[in-house]
> 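Handing you this structure, nothing more for now.
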There are 2 protein chains.
Amino acid sequence: MAELSIDRRTRKDAQHNRTQILDVARQAFSSDGVEVSMDAIARQSGLGSATLYRHFPNKDALLAALLDEHYEDMLQKKTVIEAEESDAGRALERWIDALGDWMLVYDGLSEPLRAAWSRSNSPLKPTCQNVIDATDIFLRAAQGAGLAQPALSGRHIFLGALAVAWAGGTGLEDHGTRAVLRDMFKNGWGIAS
Amino acid sequence: MAELSIDRRTRKDAQHNRTQILDVARQAFSSDGVEVSMDAIARQSGLGSATLYRHFPNKDALLAALLDEHYEDMLQKKTVIEAEESDAGRALERWIDALGDWMLVYDGLSEPLRAAWSRSNSPLKPTCQNVIDATDIFLRAAQGAGLAQPALSGRHIFLGALAVAWAGGTGLEDHGTRAVLRDMFKNGWGIAS
DNA sequence: CCTGCATTTGGAAAATGGCTACGTATCGGG
DNA sequence: CCCGATACGTAGCCATTTTCCAAATGCAGG
């Protein structure tokens, strides 16, 4: 309903430009990381930068629009995990893995995500909150089964996964390091004596 | 010896300006984080920006000069820990804590540190390497005593500590989160079943 | 004390990036 | 087909890192 009224009032060229921007941005972020300039995206879209900013008031908003697409996938993964995995610990583990992958869809994505959740008015914040909420569900189940540290919250897990994604992200020649970091995130560096 | 020949050839005003820059930068980084502009540092030093760049070819070089001062403290801490702590696990823990503190001396320090170690020619790289080497010593001792995950290397610990510092760094209203993250780094989010 | 010259300096400017003001072009209903 | 609402692009602002070059300045030797 809301969509209809928007669509009806939005000019066709504007609609076309919007999807064009999203397509170009998706491609640009994928190949060059989130650090590509807005100017470059506008140029590749065949538009002036002001037009880009009219559709998305800032870079984070553009990023958020793209991430919301991926959030659909995340919801689906959530359903699949819940259906397939009876063990709450393994379910949480799979969810955290999915989280890590999500945070790596675009190179350098960790930065704006982290910045978003300290800044008060970032368009990325709702998206983060959704993911955190989903994480909380898996986490509490695992905690109930004694398979996750009881003091943690979904926010902590999110931050941890974000930190791992950040550290293991761009320019890490050694691919195995990523796996090691994830394992360290799950099990810690220490061994209880 | 090398210092003498440098000192002899370096003009007094240049020497003075150099220490002046370092003093101002130390203060500026401390109070405003590493994101302060080079221009601001130059201005507060009563110098033109070009002068600043003559002394330190880029921001990382300036940062590295300051961090090297702190590295002295780290070496001292290392000695103290080695002297006081007979348990290798606790020694490693204390070292990692020191590592975490070191990475927080300036706000936003994690960023350049991480960038440094993927970029090939960063002035910060040698400093990082020194810290990693020291970490390796503590780590191997702990591994030998069965108190740390055997698959890890000093580099992994360094990256992990960096990730924790990054995630728990700037703009984290909740101070307890930092402690939780450190604990999660040591023990993981999971509980072995 | 003076003087010549290498060294050092400062201000201006280039390159890049986020973002905006404003006049113009275009869409689409009547 | 026309006109107002809507969307557009140019040009530009501000901030940041870094570089260029002419002018100033310290210092060694006379």
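Order of the sequence lines fixes the chain letters, A, B, ..., with proteins taken first and strands second; residue numbering starts at 1 for each chain. What you see is a predicted model; the values in this text were computed from it and never measured.
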> My understanding is that only residues two or more places apart in sequence, or in another chain, count here; which of them pass side chain to side chain contact (heavy atoms under 4.5 Å, CB included) with B/Q129?
B/I132, B/D133

> All N/O contacts under 3.5 Å from nucleotides 19-23 of chain D to the protein, with atom names and distances to one decimal?
none

> Name all residues meeting the side chain to side chain contact (heavy atoms under 4.5 Å, CB included) criterion together with A/A163; count only those two or more places apart in sequence or in a different chain, and write none if there are none.
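With sequence neighbours excluded, A/A163 shows a side chain to side chain contact (heavy atoms under 4.5 Å, CB included) to B/A163, B/W166, B/A167, given in chain and number order.
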
> Considering only heavy atoms, which members of residues 20-47 of chain B lie under 4.0 Å from some atom of DNA chain C?
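Contacting residues: B/G46, B/L47.
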
> I need the NE2-C1' distance between B/H16 and D/dG26, as an integer number of Å.
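The distance from NE2 of B/H16 to C1' of D/dG26 comes to 15 Å, rounded to the nearest Å.
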
> In this structure, how many angstroms lie between the P atom of D/dA7 and the CZ atom of A/F56, rounded?
14 Å

> Closer than 4.0 Å, any side-chain N/O of B/T51 to the OP1 or OP2 of C/dT8?
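No, outside the criterion.
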
> Please tell me if B/H55 has a side-chain N or O lying less than 4.0 Å from either OP1 or OP2 of C/dT8.
no

> State, yes or no, whether a side-chain contact exists between B/I41 and B/L52 at a heavy-atom distance under 4.5 Å.
yes

> Separation of B/L52 atom CG from C/dT8 atom C1', in whole Å?
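It is 14 Å, rounded to the nearest whole Å.
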
> Ring-plane angle category for B/F29 and B/Y106, please: parallel below 30°, perpendicular beyond 60°, tilted otherwise.
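Because their plane-to-plane angle lies in the 30° to 60° range, the rings of B/F29 and B/Y106 count as tilted.
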
> If you look only at pairs with a residue in residues 30-59 of chain B, which of them pass as a salt bridge (Lys or Arg N to Asp or Glu O under 4.0 Å), with sequence neighbours excluded?
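Matches after skipping sequence neighbours: B/D39-B/R43.
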
> Take the protein atom CZ of A/R18 and the nucleotide atom P of D/dA7, then report the distance between them rounded to whole Å.
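It works out to 12 Å between those atoms.
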
> Would you mind reading off the distance between B/L62 atom CG and D/dT18 atom P, rounded to a whole angstrom?
11 Å

> Listing request: all salt bridge (Lys or Arg N to Asp or Glu O under 4.0 Å) pairs with a residue in residues 80-100 of chain A, at least two apart in sequence or in separate chains.
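Passing the test, one end in residues 80-100 of chain A: A/K78-A/E82, A/E84-A/R94, A/E85-A/R90, A/E85-A/R94, A/E93-A/K186, A/D97-A/R182.
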
> Whether B/N17 contacts C/dT9 is assessed here as follows: a side-chain N or O lying under 4.0 Å from the phosphate OP1 or OP2. Is that the case?
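The answer is yes; a side-chain N or O of B/N17 sits under 4.0 Å from OP1 or OP2.
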
> Counting only heavy atoms not in B/R140 (residues, nucleotides, ligands), do more than 12 fall under 6.0 Å from its CZ?
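Atom CZ in B/R140 is not packed in, count stays at 12 or less.
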
> Report the distance from atom CD of A/Q15 to atom P of D/dC8, rounded to the nearest whole Å.
11 Å

> Tell me: NZ of A/K59 to P of C/dG18, nearest whole Å?
4 Å

> Testing the 3.5 Å rule here: is there a donor-acceptor pair between the side chains of A/R155 and A/T135?
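No, A/T135 and A/R155 have no side-chain donor paired with an acceptor closer than 3.5 Å.
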
> How are the rings of A/F185 and B/W189 set relative to one another: parallel (under 30°), tilted (30 to 60°) or perpendicular (over 60°)?
perpendicular

